[in-house]
Every structure is written in structure tokens, then in C-alpha cells.
Amino acid sequence: MMPGQIAKLGNSAAQFLLGGLAALRSLGNAGKGEPATGDGWRQDNADLRDAVKQWRQVFEHNPVMYFMVDPAGTVLNVNTFGAAQLGYTAAELTGQSVLNVFFEEDRDFVRRCVGLCLETVDQSHTWEIRKIRKDGSVLWVRENAKAMRRGDGTPIVLVACENITQRKEAEDALRQSEAYLAQAQELSRTGSFGLSLATREAVWSRETFRIFQCDPQVKPTLDFVFQRIHPEDRNAVSKTLDRAFREVGDFDHEYRLLMPDGTIKYLHSVARVVRHGSGHIEFVGAVTDVTTAKETEQRLRRSEAYLTEAQRLSHTSSWAWNVRSQEFAYRSAELYRLFGFNPDQIDLSAQAFQQRILAEDFRRIVDVERQAIRQKQPFEVDFRILRPDGSVRHVHTEGHPVVGGDGDVTEIIGTHVDVTEQFAARQALQKAFDELKLSEQRFRDYAETASDWFWESGPDHRITRISEHADTAGPVPTGVIGLARWDIPPDAELEPEKWERHRATLDAHLPFRDLVYRSKDRNGSPIYVRTSGKPLHDANGNFLGYRGVSSDVTAAIRAEQAEEALRKAQAELAHVTRVTMLGELTASIAHEINQPLAAVISNADACIGWLGREPAQLNAARRSVEWIVEDANRASEVIRRIRTLAKKTEIEMAPVDMNQLVRETVALVRRELATHAVSVRMELASALPSVCGDRIQLQQVLINLVMNGIEAMHANVDRPRELAIRSSQASEHGEGRMLLIVTDSGVGLGDGATERIFTPFFTTKPSGLGMGLSICRSIIEAHAGRLSAFPNDGSGATFQIALPLPIEDTS
């Protein structure tokens with residue numbers, strides 16, 4: 001029997017029971033109003049008992065729970081079926097409060113329902129409520145109750161209870177299922193819908209309302225859906241729905257919603273077409289909010305793109321190796337590029353990669369990986385790849401074993417880093433380092449074998465380091481470490497001013513160069529040292545000390561000293577030569593002096609004569625006196641020149657007019673020229689610039705050349721004795737030169753004598769010393785010039801003096 005049938009039967013039985021009771025009450029009431037007769041009353045009484053018996057049977061065996069309670073809720077009667085439904089006997093419930101079969105929390109409700117029945121006698125009321133069986137289980141019933149009055153007028157409540165437990169359980173299960181579905185939709189962000197394209201109406205689940213942010217009280221329509229769809233996706237959605245409707249097929253698509261607050265939602269919608277018996281088409285489906293998944297997917301794609309780009313930029317690739325299957329579980333795109341493969345060749349075997357590793361390196365990799373798997377420890381290894389284009393890439397790899405639940409290594413996750421450039425850079429660096437070491441050793445050898453030595457001093461100017469030398473007996477001073485520079489030389493007391501200046505330079509942290517001082521070598525022998533130094537500063541400009549080099553210049557100093565002595569000796573000799581030459585010129589000098597003196601005397605006599613006349617001839621006397629003064633000055637000038645020539649003076653460099661020098665020299669030797677019948681022909685160029693030189697020394701040279709020419713022409717008896725002196729300006733190698741040429745017509749230069757005549761002590765004169773021309777060449781060379789001798793084509797010789805002209809200032 002179905003629950004509905006029971007309910008129907010229960011209602012009929014209750015009505016039947018109530019109707020029976022009403023009939024009994026009516027029968028009782030009829031007896032009170034009419035007089036009873038003997039046979040008739042007995043017959044009525046018998047019928048009544050039969051009716052009661054029949055109704056009791058109905059009451060007891062009707063499959064409906066019946067209760068009869070008084071206004072206080074006391075059970076007056078309960079049928080056997082009803083008591084059994086609750087697990088009791090009728091006797092156990094009769095006389096007990098009917099509230100005992102209800103839950104505590106439902107008893108107030110029961111009281112109100114009974115009270116309502118009592119207030120509305122003869123009116124039926126229905127409600128559903130739980131009851132507690134004797135074993136504690138729950139029994140859901142639908143109660144139909146009605147209050148009525150007994151014959152004595154007291155009310156009772158008759159209750160017929162229909163068992164609706166199965167329906168309630170089904171409803172609870174349905175509600176629970178709906179709750180689970182709603183919860184599942186909310187958790188999965190998936191809503192369900194039904195859509196009729198013909199009516200454009202839709203049916204949504206609660207989650208679908210939430211997804212579209214639509215009020216659940218609003219009737220959803222397709223037009224509202226299109227309002228929410230992103231404008232860029234509306235056309236695609238419309239085409240999808242039109243095709244599904246036209247082809248009567250399912251659809252599956254994704255689109256975006258543009259929400260009122262401007263945010264974007266991504267939806268994935270699937271639907272299945274349902275054709276009803278009327279031919280009406282409806283789509284039933286689900287829509288899922290995949291915004292989070294889409295955003296995660298976009299972030300993942302972006303992360304993958306970043307990772308791929310990062311791997312490309314860093315030349316780093318990643319991989320995962322399945323230890324059990326001996327195949328790659330994962331290979332990044334950069335790994336393909338590293339091995340020279342196209343990243344699209346996803347079906348490449350592991351062997352294809354392994355074959356590009358150099359064989360000796362691959363065996364080493366296998367050994368390292370096996371050891372890492374046994375020890376379950378990370379590893380690093382370097383190897384080389386030979387790519388199809390012949391290039392070799394150097395790779396550094398790191399691997400990390402992954403241990404599975406069984407305790408064995410299941411995978412190795414690792415990275416490959418292309419370190420070819422770093423390897424090349426490291427090799428270049430190593431090469432540079434080796435070259436630097438070699439260079440350092442080379443310079444160290446230079447330093448140790450050179451006569452120079454290097455030193456360093458600290459901020460307090462004390463020597464902190466001095467280079468070693470292979471020759472331990474060399475001139476490097478010893479025992480100077482820790483000494484200040486001014487404490488080292490023994491001449492500090494002899495030349496205090498020099499060392500005071502040097503110390504001021506050091507205190508000012510200035511560089512210094514070529515400081516020469518006396519010191520002692522390792523053997524205690526005196527030496528001369530030339531030193532130069534450069535101050536050192538750190539990056540912040542703090543003074544750190546000096547670094548410099550010193551040289552043993554003893555030989556050079558002594559050579560300079562010898563040269564200076566030689567120069568002094570040569571000067572002495574030149575002076576002696578000059579004085580000797582003056583002796584030889586005594587007659588000429590005397591003649592030069594006598595001439596003005598004779599003129600003075602003659603003019604003085606003339607002056608006296610002019611003064612002794614009557615009247616005295618003052619004008620003539622005055623003219624004679626003027627002539628006296630002029631001649632006296634000329635004599636004084638001759639004497640001055642002779643004194644100057646004979647004077648022993650230091651070289652005085654000054655501008656010299658060589659033409660004027662020639663004239664003065666010819667004046668000095670005029671007597672010698674006349675004595676030896678030598679004529680002088682001067683061809684002096686005009687506007688010659690002055691040369692820079694010592695006038696006395698240059699005049700000495702010219703006198704020497706003129707006197708040699710006079711002597712060379714002494715034997716000329718059949719040809720003129722002519723001495724030519726020429727001056728001119730020439731250019732040699734772009735530099736201006738003043739040329740002074742003395743040419744005689746004498747005996748000339750002998751074979752091989754052209755250069756030897758300038759050799760000291762070489763002479764062709766019986767009484768000569770052989771020093772004249774040697775000194776002349778030294779003088780000219782001291783003036784940065786050149787003295788040369790040439791034999792003439794005919795007879796005689798030519799001497800040429802070439803002196804540098806001063807450089808014109810073109811600024």
C-alpha cells in the first residue's frame with residue numbers, strides 16, 4: 001500500500017469512526033426523546049451493540065493510527081495498529097499523556113493544535129509532526145484531528161494519524177540533495193540553466209543568479225544575458241546559439257561578462273539540447289565561472305613566457321629525467337636550442353640528446369648520476385656538446401634526485417647552463433693571468449738584473465721595500481729598510497739646502513726626478529745615486545707613500561767630472577794658445593797701436609802750431625784736438641780688444657755679428673798680412689743675422705784660420721798670396737746656418753790630412769804644437785756648429801765654419 005493510499009484510507013477511517021460515534025450519540029439521543037417499548041427496545045439495543053462491535057473492529061484493525069484524548073491530553077483510547085506503529089501496546093499508551101510520544105521541542109505545538117481543536121468543536125484540523133517510537137526512532141505523521149462532545153457534553157479529541165515517514169524522508173533527501181547541489185555549484189562556481197530560444201526565457205539555479213549578479217526575484221531572459229556579455233563576445237555567442245538551435249545540437253563555448261562594476265568574468269557554458277514531445281526545443285546546461293582559472297592560466301602562461309625568456313637570456317634550460325623509464329619527463333624549449341634541436345621536435349628520444357654529448361663526457365655524466373642516485377644526493381657536472389654545425393658548447397649541469405614514497409629515486413630534476421662564453425672568458429682570463437705572471441716575472445728579472453733598483457716608502461717616508469738583485473754584490477744600498485730618505489745619504493750634512501728642498505717636496509707629496517746624492521754600496525764604497533719618485537694615493541686620495549727607482553750613476557758622475565776637468569784643461573790650453581797667438585801678433589798689434597799714437601802726436605803738434613799763430617787758429621786747433629781724441633779712442637779700442645782676447649774669462653754667449661767680427665780680426669792681423677804680402681778679399685753677405693756665441697772664442701778661431709792661411713802661402717813665390725774670407729747664409733736639413741769660409745792659395749792639405757789636422761798634437765809645422773785646429777773644432781762644436789776643411793781644386797785649402805742661426809719667433 002502506498003503512503004498516499006494509506007493517507008486516503010486513514011482519512012476515510014477517521015471520518016468513518018467519527019461518523020460512527022456520531023451515529024451512536026444520535027442513537028442514544030433518540031432513546032431519550034421517545035418512549036421505549038419491550039421488543040423494539042431490545043431490538044434497538046441489540047443493533048447498537050452490533051454497531052459498536054463493528055466500529056470497534058474497524059477502529060482496531062484500520063491501518064491508521066487513532067488516538068482519542070481528553071482536553072488534558074490524556075490518551076483515552078488508541079487502536080492496536082496505532083500503538084504498534086509506535087512500538088507500544090494500547091494498554092501502555094492508554095491513560096498516559098499523549099505528549100510522551102512527541103519530541104520535547106514539538107510539545108508546545110501539540111498543545112496549541114489540541115487547544116485549537118477544542119476551541120473549534122466539530123471542525124477538522126490537519127498538521128504534520130514527528131513522533132518518537134518506543135525504540136527512539138522517528139515516525140513522521142500527518143494528523144487529522146477534530147474535537148467533539150460526548151453524550152455527557154464533555155469534549156474529546158479524536159486524532160487520525162497517517163504515516164508519512166517515507167515521504168518526509170524523500171523530501172529531506174530531496175532538500176539535502178538540492179542543498180548539496182547548491183553547495184556544489186557554489187563551490188565549483190557552476191550554475192545550471194534551462195534556456196528556450198523560442199521564448200528567450202531561462203531558468204537559473206541560485207549559483208547562476210550569483211554568477212550573473214542578478215536578483216533571484218527577477219525572471220532571467222536571454223536579453224538580460226546578452227546585456228551582461230562583453231560587447232566583443234556578443235556576436236560569437238549569438239552565432240553559437242543560432243547554430244545550436246538550427247542544427248538542434250549541443251553547444252560548448254566560452255565568453256566574457258562585463259559586470260556593472262567594470263570587472264570581467266570568464267564563463268564556460270555547456271548545454272545539451274532537449275526536444276519535448278510537443279516539438280519544443282530547450283537547452284539544459286551548466287555555466288561555470290572560470291575567471292580564476294583563466295586568470296591563473298594567463299598568469300601561468302605569462303610565468304611560462306617569462307621563464308622561457310629568462311632561460312633564453314640566461315642560457316639556462318631545465319629538465320626532469322624519469323629514472324625508471326630512462327626517458328625525459330620534461331624538457332624546456334631552451335634545452336632543445338642548447339643541443340641544436342628545434343623546440344617543436346617534441347618526439348625526439350633521449351638518445352638523440354645523448355648522442356650530441358662528447359663520448360668521454362657522457363660516460364662521466366653516467367657515472368656521476370649513478371652515484372647521485374645511490375647516495376640520493378645532488379650533483380654537479382660539466383660536459384661538452386658537439387652540435388651539427390661543428391660548434392662545441394660547454395655546459396654546467398646541476399641535478400637534484402627526487403625520492404618517491406617507496407624510498408627510491410624516481411626522478412632527477414636539473415638544469416643545464418650554457419657556460420661556453422664564461423668558459424672562453426675564463427680561458428682568456430687564465431691566459432691573461434699567465435701572461436701577466438710571465439710579464440711580472442719578466443719585469444722582475446729586468447729589475448733584478450738591471451743596474452737600477454726599485455723602492456717604496458710609506459706615508460712617513462721610511463723605506464718599506466727595495467728590489468732584489470741577482471748580483472748581491474751590486475751597488476744597492478743595504479740596511480735602508482725603515483730609514484727615512486734623508487737618513488740614508490752621507491752628504492745630507494754637506495748639502496743641507498738640497499735635502500731641505502727635497503724634504504719639502506716629499507712633505508708636499510710631489511713627484512721628484514733625478515735627485516743625485518752620494519751614498520755607499522753594500523761594500524761601503526762611495527757611490528753616486530740618481531733617484532726619482534712618484535707619490536701614491538688610494539682611491540680616496542689618501543697619501544700612501546712613494547714608489548720610485550734609483551740608479552748607480554757613479555760612472556757617469558765621474559765621467560762628467562773628468563769631462564769638466566778636460567773642459568777646463570782645454571780652456572786653459574785655448575787660453576795659452578790665444579796668448580801665444582797674441583805674442584805672434586805683437587808686431588801687428590804694435591803697428592795698430594802705433595798708428596793712432598803717431599796720429600795723436602802729429603795732431604797734437606798741429607794743434608800747438610795752430611794755437612801759436614797770431615791770431616791763433618782756434619777752429620783748426622779744435623779740429624786737431626778732435627782728431628787726437630778720435631785716434632786715442634781707436635788706440636784704446638785696440639788695446640781693449642787685445643786685453644779682452646788675452647783675458648781668461650768664462651764663456652759668455654751673446655749675439656755676434658760675424659761680418660763685424662771678420663773686419664775686426666782682419667784689422668788685428670793687418671800687419672801680418674802686410675808683412676807676408678798677403679792680400680785679403682772679403683766677400684761678406686749683407687743683412688746676415690747674428691749668431692749666438694762667445695765673441696772672444698769665435699774671434700780666436702778666425703784669427704787661427706787666418707794665421708794658418710798666411711803661413712800656408714809663405715812659399716808662394718810664383719803665384720799671388722790671396723786670402724779670401726766669405727760669409728753667407730744657407731739651409732741644412734731645414735735649419736738656417738751661417739757659413740764663414742776662409743780660403744787660401746797655399747800648399748794645401750796633404751793626403752789623408754783632411755781629418756787628421758783636427759786631431760790633437762797633429763801638426764804640419766816644424767814648430768807647431770798641433771793643438772790650434774783641435775781647439776778651434778772644440779770651440780765651434782761647443783757652439784753647436786761644425787768646422788770642416790777641404791782641399792781646393794787648384795792650390796790651397798778651404799776651412800768652413802757652419803754655425804746655427806737662431807730660430808725666428810713666428811708666434
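Just so you know, these numbers use all the heavy atoms, side chains as well, and skip hydrogens, waters and symmetry mates. Note that this is a predicted model, so its numbers are computed, not measured.
Looking only at distances, a side-chain donor or acceptor of T397 sits under 3.5 Å from a matching main-chain atom of T415. Remark: the backbone N or O of S318 is paired with a side-chain donor or acceptor of S332 at under 3.5 angstrom. No donor-acceptor pair under 3.5 Å is formed between the side chain of R547 and the backbone N or O of E456. Between the side chain of D538 and the main chain of N542, a donor-acceptor pair closer than 3.5 Å is present. Looking only at distances, no side-chain donor or acceptor of E369 sits under 3.5 Å from a matching main-chain atom of V366. Panel note: side chain T240, backbone F251; no donor-acceptor pair is recorded below 3.5 Å. No donor-acceptor pair under 3.5 Å is formed between the side chain of S439 and the backbone N or O of E435.
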key: Evaluation steps, salt bridge (charged side-chain N to carboxylate O under 4.0 Å, His left out), between D289 and R256   = CA-CA 10 Å; D289 183 355; R256 294 169 294 173; over 6 Å; no

Residues Y528, Y517; criterion side chain to side chain contact (heavy atoms under 4.5 Å, CB included); working and verdict = CA-CA 6 Å; Y528 285 92; Y517 61 90; over 6 Å; no

request  = Carefully, step by step, assess D434 and Q430 under the rule side chain to side chain contact (heavy atoms under 4.5 Å, CB included).
outcome  = CA-CA 6 Å; D434 293 340; Q430 183 63 42; 2.9 Å; yes

V549 vs W453, side chain to side chain contact (heavy atoms under 4.5 Å, CB included): CA-CA, chis, key distance, verdict = CA-CA 6 Å; V549 60; W453 62 90; over 6 Å; no

task = Please report the C-alpha distance between F193 and W204 in whole Å, then the side-chain angles of each, then the deciding distance to 0.1 Å, and finally whether the ring-ring contact (aromatic ring centres under 6.0 Å, His included) criterion is met.
result = CA-CA 4 Å; F193 66 89; W204 284 356; 8.4 Å; no

ask   = Would H268 and Y266 count as a ring-ring contact (aromatic ring centres under 6.0 Å, His included) if you check the C-alpha gap in whole Å, the side-chain angles of each, and the deciding distance to 0.1 Å?
value = CA-CA 7 Å; H268 178 206; Y266 292 85; over 10 Å; no

task = Begin from the C-alpha positions of L536 and F543 and carry the test side chain to side chain contact (heavy atoms under 4.5 Å, CB included) through to its verdict.
result = CA-CA 6 Å; L536 301 177; F543 174 67; 6.0 Å; no

message = Applying ring-ring contact (aromatic ring centres under 6.0 Å, His included) to Y330 and W319, what does each step give before you reach the verdict?
response = CA-CA 5 Å; Y330 167 74; W319 49 269; 9.9 Å; no

task = With side-chain hydrogen bond (donor to acceptor under 3.5 Å, both in side chains) as the test, would you mind laying out the steps for S550 and W455 before giving the verdict?
result = CA-CA 8 Å; S550 296; W455 54 267; 3.1 Å; yes

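Proximity of T165 to E169: side-chain heavy atoms (C-beta onward) are separated by under 4.5 Å at one or more points. When side chains are defined from C-beta on, D408 counts as touching R324, because their heavy atoms get closer than 4.5 Å. Side-chain contact between I385 and L338 is present, with heavy atoms from C-beta onward closer than 4.5 Å. In this structure, R206 and R210 have side chains that are not in contact, with every pair of non-hydrogen atoms separated by 4.5 Å or more. Contact of the L515 side chain with the R530 side chain is not registered, since no non-hydrogen atoms from C-beta on lie closer than 4.5 Å.
Taking CG from L267 and OG1 from T291, the interatomic distance works out to 6.5 Å, rounded to the nearest 0.5 Å. Separation of atoms OG1 (T420) and NE2 (H396) is listed at 13.0 Å; rounding is to 0.5 Å. For the atom pair CZ of R246 and NZ of K239, the computed distance is 11.0 Å after rounding to the nearest 0.5 Å. Residue T316 holds its OG1 atom at 11.5 Å from CG of L335, rounded to the nearest 0.5 Å. Between Q183 atom CD and E207 atom CD the span is 9.5 Å, to the nearest 0.5 Å. To the nearest 0.5 Å, atoms CD1 (I229) and OG (S238) are separated by 9.0 Å.
The environment of R465 atom CZ is sparse: at most 12 non-hydrogen atoms of other residues, nucleotides or ligands sit within 6.0 angstrom.
E282 and H276 are linked by a side-chain donor-acceptor pair at a separation below 3.5 angstrom, with hydrogens and angles left out of the test. Remark: the S269 side chain and the E254 side chain contain no N/O donor-acceptor pair separated by less than 3.5 Å. A donor atom on one side chain and an acceptor atom on the other are not found under 3.5 Å apart for H416 and S317. Checked by atom type, the side-chain pair T190/Q185 shows no donor-acceptor distance below 3.5 Å.
Using a 4.0 Å cut-off between charged nitrogen and carboxylate oxygen, R133 and D135 do not count as a salt-bridge pair. Salt bridge annotation for E304-R301: absent, with no cationic side-chain nitrogen under 4.0 angstrom from a carboxylate oxygen. K437 has no carboxylate O lying under 4.0 Å from a charged side-chain N of E440, or vice versa, which leaves the two without a salt bridge.
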Could you give the side-chain donor-acceptor pairs of residues 215-225 under 3.5 Å, partners two or more places apart or in another chain?
| unit_1 | atom_1 | unit_2 | atom_2 | d |
| --- | --- | --- | --- | --- |
| D215 | OD1 | Q217 | N | 3.1 |
| T221 | OG1 | F224 | N | 3.2 |
| D223 | OD1 | R200 | NE | 3.1 |
| D223 | OD1 | R200 | NH2 | 3.1 |

Would you mind writing out the side-chain donor-acceptor pairs for residues 347-356 within the sub-3.5 Å range, not counting sequence neighbours?
| unit_1 | atom_1 | unit_2 | atom_2 | d |
| --- | --- | --- | --- | --- |
| S349 | OG | A352 | N | 3.4 |
| R356 | NH1 | F339 | O | 2.6 |
| R356 | NH1 | G340 | O | 3.3 |

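Judged as a salt bridge (Lys or Arg N to Asp or Glu O under 4.0 Å), and not counting sequence neighbours, R503 has no contacts. Annotation: salt bridge (Lys or Arg N to Asp or Glu O under 4.0 Å) contacts of D242 (sequence neighbours excluded): none. Judged as a salt bridge (Lys or Arg N to Asp or Glu O under 4.0 Å), and not counting sequence neighbours, the contacts of D361 are R364, R384. For R299, the side chain to side chain contact (heavy atoms under 4.5 Å, CB included) partners at least two apart in sequence or on another chain are E295, T296, R302.
Across every non-hydrogen atom of S532 and R513, the tightest pair is OG-CA, 3.3 Å. When all heavy atoms of A329 and E411 are compared, the pair lying nearest together is CB-OE2, 3.5 Å. Nearest heavy atoms, R234 versus Q227: NH2-O, 3.2 Å. Across every non-hydrogen atom of F283 and G249, the tightest pair is CE2-O, 3.2 Å. For the residue pair K376 and G407, the shortest heavy atom distance occurs at NZ-O, 2.5 Å. What you find for V273 and D250 is that their closest heavy atoms are N-OD1, 2.8 Å.
For the pair R130 and F103, the cation sits on the ring face: its NZ or CZ lies under 6.0 Å from the ring centre, inside 45° of the axis.
Taking the six-membered ring for Trp and the full ring otherwise, the centers of Y255 and H230 sit at least 6.0 Å from each other.
Test L257, T208, V270 against V287 for side-chain contact (heavy atoms from CB on, under 4.5 Å) and you get one pass: T208.
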